[in-house]
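What follows is one structure encoded as structure tokens, with my remarks underneath.
Just so you know, residue 1 is the first one in the sequence shown, and it goes up from there. What's counted below: heavy atoms across the whole structure, side chains too, no hydrogens, waters or symmetry copies.
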Amino acid sequence: MKKLPLAQLGPRESAPGVVNFGVLLPWVSATDGNRLYVKIIHVCDQFIQAVQPLAFELQHGVNADYGDFWSATVDFNAAHDPQPGSRFGSPGRHVYRFELHNPNAGVLDWIIDPFAREYATGKLSAFTLGYTPYVWSPAEVNWKTPALRDLIVYELNLAEFGGSLQGAIDRLDYLADLGVNALSVMPVSNVSLEVDWGYLPLGYFGVDERFGRRDDFQRCVDAAHQRGLAVIVDAVYGHTGEDFPYADLYRRLQYRENPFMGPFAKDYFGVSTDFNRTLTRDFFYSVNLHWLETYHIDGFRYDCVPNYWDGPVGVGYANLAFHTYQYVKNAITSLTRFDAPEGSRLIQIAEQLEAPEQILEQSYSNATWQNASFGAAGACAHGAAGAIENLGQRLGALGYIEQATQNGETLLKAPLQYIENHDHSRFLCEFGLRQRDRNPLFAEGDRAHWYRLQPYLIALLAAKGIPMLWQGQEFGENYFLPEDGFGRVLLLRPLRWDYFYDTAGKSLVALTRKLVNLRKDCAELRYGNHYFHNDYARYLSCGLLLFQRETAAALSLVAVNFTDVEQSVPFVFTRAGNYREQLHGQDNFVTDEGQERWLTVPSNYGRIWRGS
């Protein structure tokens, strides 16, 4: 893969008041009678009837690697707008779009710039005249991405979590205090709607205007790093929105083929991208490098990998993950946050729900989403036969490799462990729903059952792998989410921060904080061996799940009770030691190796005994 010549693409201010434009439009040539214009207006004038955008014609050229290339230079010092009241050329944001005059299709207006760094309302790209690059704080310059096995991930939707980037920044102290150390941010790339999850992108090289400006996201990453929080962004590369310029323009031109879009692997969502095309591959590789270099992010959560997975040696996902890893590894001076004795700490998380075990084995992904633990927890909540056994095995990351050696390099690997994420209803909904106005869109999980979440939180945050919390899970957020339809993605579900203060919220937050800090303090809970005590007669039949995590230095025994009654069961310890209960300091004891003791586990709760 090659990095696109971004210094020639999109709008760049080469001198004060002088902006260069460049765009790759393969198969759109001046020799075929095409003429391309950029139409520009100051952001303050865009809704003023008397002020119209000015048009400037681009000149056609040829890029040796990608074909037809169009460019123009606009000198705002000389190009004065004769319209009375126009702010054209004044410092600040201007919005623009392309307009193509084609001899067959006519005038095609409202073409988005695929290389824009800023965006505006609807199908408008933007740039800031007199833009001042962001200056990173001294503390951020020395930031180091956490090791894979130390990650505790918190997934969030900026619009729902804080309303904007500034709102998210205001909540970073809360997240640091909660104890998580990595934020997985749902897409921030440009989309066409104001309320949207962001999985049908139109623009990839910047931050959508509904969240803020590019320096707002840079400030957010800077502030996160200062608080010990890594930032992972959702990358949606297997499909786009219909108005993505390489989909929209060539459809309107009625071309039978497309230099960027087309069928490739699966075709689950949106308009599929074709990774058989050199431009497509290099485009998304360049997007990765841009976000790493410009926004200082710590990694990517790759959405819908089946749409561009064509095997371990194909040209799709595996190829992108490999080249991104190699770039980071070789960027000795500019990306030092990833340097570590165990190798590069670049975070690459695949959403490959069809074959999560395979994606870790056959790609440079070092983490993966997987719904097995999520599904097992739901079955357990409903009392399904064999569910506790299944959950115990899944929380032990059964079937997942812990490392892989590829091209002489050893990469650590781990699955994400979660019982909630943005794709599904809150786990509280498993215990019953409350209807509002008989409209299923506004159903909620019954928070009276908040206490039933406790054993799942304990098991999750002690599990093998990388634990992930979905925003508000820690204080009992209870939204219901339809499995399909526009009500999933086009309805804003802002976090109800008032939940933080009620009995349920205070209890769950306190437990979450304790568990997160316990995981951070106990090495065996982060990367120790996992042993599931799969004894139906003693434990599973009583609604208990017992597993232990251990290193040579320490052992932690985790016992959770999914029932409504306290349970006492015998247990034989395989290691002698002084065992201290970590959640409430109760039932401490000293035991010899092979000694049987009776353990008491409270209802809808758990115990963690640590011996050393």
Asp310 side chain vs Val315 backbone, donor-acceptor pair below 3.5 Å: yes
Side-chain donor or acceptor of Asn561 paired with backbone N/O of Pro602 under 3.5 Å: yes
Carboxylate-amine/guanidinium contact Asp298 Arg345, below 4.0 Å: no
Minimum-distance pair of heavy atoms, taken over all atoms of Phe300 and Ala235: CD2-CB, 4.2 Å
Any donor-acceptor N or O pair under 3.5 Å, side chains Ser272, Asp267: yes
Shortest non-hydrogen contact from Val180 toward Val516: N-CG1, 4.0 Å
Side-chain donor-acceptor pair present, Asn478, Asp446, cut-off under 3.5 Å: no
Parallel, tilted or perpendicular: ring planes of Phe500 versus Tyr174, cut at 30 and 60 degrees: perpendicular
Ring geometry between Phe275 and Phe264 (parallel below 30°, tilted from 30 to 60°, perpendicular above 60°): tilted
Shortest non-hydrogen contact between Gly465 and Ala414, atoms and distance: CA-CB, 4.3 Å
N-O pairing of Glu354 and Lys266 below 4.0 Å: yes
Aromatic contact, Phe269 with Tyr199 (centres under 6.0 Å): no
Between CD1 on residue Ile401 and CG on residue Leu360, distance to nearest 0.5 Å: 6.0 Å
Pair Tyr451 + Tyr605: ring centers closer than 6.0 Å: no
Output field: ring centroids Phe161/Trp497 closer than 6.0 Å: yes
Trp197 and His422 aromatic ring geometry - parallel, tilted or perpendicular at 30°/60° bounds: perpendicular
Under 3.5 Å donor-acceptor, Arg519 side chain and Leu525 backbone: yes
Salt bridge Arg149-Glu342, side-chain N to carboxylate O under 4.0 Å: no
Worked check of ring-ring contact (aromatic ring centres under 6.0 Å, His included) between Phe475 and Tyr501: CA-CA 9 Å; Phe475 51 71; Tyr501 297 101; 9.3 Å; no
From Leu156, Leu460, Ile152, residue fulfilling side chain to side chain contact (heavy atoms under 4.5 Å, CB included) relative to Leu469: Leu460
Geometric class of the His533/Tyr531 ring pair [parallel <30°, tilted 30-60°, perpendicular >60°]: perpendicular
Shortest non-hydrogen contact from Ser363 toward Lys413: O-NZ, 2.7 Å
Pairing of Glu524 and Arg575 as salt bridge, 4.0 angstrom limit: no
Any side-chain donor near an acceptor of the partner, Gln403 and Thr410, under 3.5 Å: no
Of Asn307, Asn288, Thr273, Asp303, the residue whose pairing with Tyr237 passes side chain to side chain contact (heavy atoms under 4.5 Å, CB included): Asn288
Partner of His424 under ring pair (Phe, Tyr, Trp, His ring centres under 6.0 Å), chosen from Phe480, Phe374, Tyr479: Phe374
Ring center gap for Tyr418 and Trp369 short of 6.0 angstrom: yes
SB check Arg301 Glu155 (cutoff 4.0 Å): no
Parallel, tilted or perpendicular: rings of Phe431 and His449 (30°, 60°): tilted
Ring-ring centroid check Tyr268 His239, cutoff 6.0 Å: no
Phe573 ring center within less than 6.0 Å of Tyr579 ring center: yes
Test item: Gln567 side-chain N/O and Cys542 main-chain N/O as donor-acceptor pair under 3.5 Å: yes
Whether Ser541 side chain and Tyr536 backbone form a donor-acceptor pair below 3.5 Å: yes
Minimum heavy-atom distance between Trp470 and Met186, given as atom pair plus value: CH2-SD, 3.7 Å
Interatomic distance, Ile297 atom CD1 to Cys220 atom SG [nearest 0.5 angstrom]: 12.0 Å
